[in-house]
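One structure is given here, and the rest of the page talks about it.
Residue numbers run from 1 in the order of the sequence given.
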Amino acid sequence: REYTKEIKVYKTPDAMPVFEGCGTISDNDERKECSNNNLLKFIYSNLKYPAEAKNQGIQGMVVVQFIIDKNGKIENPKIVRELGGGTSDAVLKVIDSMNDQTSWTPGRVQGKEVAVQFTLPVKFKLEG
């Protein structure tokens with residue numbers, strides 16, 4: 001018989017998780033901007049626009065939510081806003097690949113690492 005301990009997940013910790021390459025920046029605003037930029041760079045360099053969505057002219061925003069645990073790992077990614085045409089699967093694939101390719105500095109509350117819920121909008125826009 002399994003007992004699972006309920007983990008408290010924060011939405012507004014004292015310090016938000018920080019994406020790879022930005023954890024050493026001391027200024028909060030600069031660290032946040034670095035984290036957002038590096039995260040978007042990672043997403044858009046790994047995201048593949050699904051052929052089905054392209055063929056149907058699907059554009060817009062997919063919103064994904066996930067937890068960054070106290071070890072900086074991604075857990076429970078789920079789509080909270082869909083577009084169709086395979087876009088949700090494409091986003092989930094990139095989010096899943098983060099654990100293998102990158103790392104996060106976990107969020108903190110009162111100096112302790114904590115799990116934090118993270119919401120990320122991902123835009124799909126056809127060129128031309």
Side-chain angles (χ1 to χ4, degrees):
R1 195 168 162 172
E2 238 182 273
Y3 292 98
T4 53
K5 189 176 162 232
E6 199 49 44
I7 295 171
K8 179 149 178 53
V9 176
Y10 291 83
K11 288 192 170 115
T12 52
D14 300 341
M16 282 299 284
V18 179
F19 194 69
E20 186 170 81
C22 304
T24 57
I25 299 172
S26 56
D27 181 80
N28 275 338
D29 292 338
E30 282 179 35
R31 189 172 56 237
K32 184 179 180 185
E33 189 177 336
C34 172
S35 184
N36 289 343
N37 288 341
N38 286 4
L39 173 57
L40 290 176
K41 224 177 274 169
F42 177 84
I43 296 291
Y44 291 112
S45 60
N46 290 287
L47 185 67
K48 304 238 184 320
Y49 212 120
E52 185 187 342
K54 261 186 192 165
N55 296 341
Q56 293 176 25
I58 293 174
Q59 299 188 91
M61 193 161 327
V62 171
V63 179
V64 62
Q65 220 169 47
F66 50 90
I67 293 167
I68 300 164
D69 75 9
K70 63 186 177 77
N71 301 313
K73 290 290 177 200
I74 305 279
E75 291 183 350
N76 301 342
K78 63 178 187 267
I79 300 297
V80 292
R81 183 170 163 202
E82 298 214 27
L83 259 185
T87 54
S88 292
D89 287 341
V91 169
L92 287 173
K93 197 172 182 181
V94 173
I95 299 302
D96 285 338
S97 76
M98 263 191 226
N99 279 339
D100 300 330
Q101 298 182 43
T102 67
S103 65
W104 287 79
T105 301
R108 300 176 91 80
V109 170
Q110 296 174 342
K112 280 198 166 106
E113 278 94 12
V114 295
V116 177
Q117 181 177 304
F118 203 88
T119 303
L120 179 70
V122 180
K123 269 193 192 112
F124 284 86
K125 187 165 171 28
L126 291 167
E127 298 300 315

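- Counting heavy atoms of neighbouring residues, nucleotides and ligands inside a 6.0 Å radius, atom NZ of Lys93 does not exceed 12 of them.
- When the side chain to side chain donor-acceptor pair (under 3.5 Å) test is applied to Gln65, the partners found at least two apart in sequence or on another chain are Thr119.
- Atom-to-atom distance recorded for Gln59:CD and Glu127:CD is 9.0 Å, nearest 0.5 angstrom.
- For the pair Lys8 and Tyr10, the distance from NZ or CZ to the six-membered ring centre is under 6.0 Å and the angle to the ring normal is within 45 degrees.
- In plain terms, the two heavy atoms of Ile95 and Pro77 that are nearest each other are CG2-CB, 3.8 Å.
- When the shell of 6.0 Å around CD of Glu33 is examined, it contains 12 or fewer heavy atoms from other residues, nucleotides or ligands.
- Under a hydrophobic clustering in which Ile, Leu, Val, Met, Phe, Trp and Tyr are joined whenever their side-chain heavy atoms come within less than 4.5 Å, directly or via other members, Ile58 and Val94 fall into the same cluster.
- In plain terms, the two heavy atoms of Arg81 and Met61 that are nearest each other are NE-O, 3.9 Å.
- Side-chain N or O atoms of Glu20 include one that pairs as donor or acceptor with a backbone N or O of Ser103 at under 3.5 Å.
- Note: Met98 CE to Ile68 CD1 = 7.5 Å, rounded to the nearest 0.5 Å.
- Within the model, atoms CD of Gln56 and OG1 of Thr87 stand 10.0 Å from one another, a figure rounded to the nearest 0.5 Å.
- Hydrophobic clustering, with ILVMFWY side chains joined whenever heavy atoms are under 4.5 angstrom apart, groups Leu120 together with Trp104.
- Expressed to the nearest 0.5 Å, how far CG of Leu40 lies from CZ of Phe42 amounts to 12.0 Å.
- Taken from CG in Asn37 to SG in Cys22, the straight-line distance is 8.0 Å, to the nearest 0.5 Å.
- Cluster membership check: Phe66 does not share its hydrophobic cluster with Val18, using side-chain heavy-atom separations under 4.5 Å among Ile, Leu, Val, Met, Phe, Trp and Tyr.
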**OP:** Report the C-alpha distance between Glu82 and Val63 in whole Å, list the side-chain angles of each, state the deciding distance to 0.1 Å, and finish with yes or no for side chain to side chain contact (heavy atoms under 4.5 Å, CB included).
**Re:** CA-CA 7 Å; Glu82 298 214 27; Val63 179; over 6 Å; no
**OP:** Please step through side chain to side chain contact (heavy atoms under 4.5 Å, CB included) for the pair Val91 and Leu47, ending with a clear verdict.
**Re:** CA-CA 7 Å; Val91 169; Leu47 185 67; 4.3 Å; yes
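- Looking at Val64 and Leu92, their side chains come closer than 4.5 Å, going by heavy atoms from C-beta outward.
- Judged by distance alone, with hydrogens and angles left aside, the side-chain atoms of Ser88 form no donor-acceptor pair with the main-chain N or O of Ile79 at under 3.5 Å.
- Pairing each heavy atom of Met16 with each of Pro13, the nearest pair is SD-CD, 3.4 Å.
- For the pair Lys123/Tyr44, a side-chain contact is recorded, criterion being any heavy-atom separation below 4.5 Å from C-beta on.
- Using a distance-only test at 3.5 Å, with no hydrogens or angles considered, a donor-acceptor pair links the side chain of Asp27 to the main chain of Asp29.
- Note: Tyr49 and Phe124 have perpendicular aromatic rings, judged against thresholds of 30 and 60 degrees for the angle between ring planes.
- Annotation for Pro106 and Glu113: closest pair CG-CG, 3.4 Å, computed over non-hydrogen atoms.
- The side-chain heavy atoms of Asn46 and Gln101, taken from C-beta on, include a pair separated by under 4.5 Å.
- When side chains are defined from C-beta on, Val114 does not count as touching Lys70, because their heavy atoms never get closer than 4.5 Å.
- With side-chain heavy atoms closer than 4.5 Å counting as contact, directly or through intermediates, Ile25 stands alone and belongs to no larger hydrophobic cluster.
- Residues Gly85 and Pro50 come closest through the heavy atom pair O-CB, 3.3 Å.
- Between the CD1 atom of Ile74 and the OG atom of Ser97 there is a distance of 9.5 Å, given to the nearest 0.5 Å.
- Nearest heavy-atom pair, Ile67 versus Ala115, reported as atom, atom and distance to 0.1 Å: CG2-CB, 3.9 Å.
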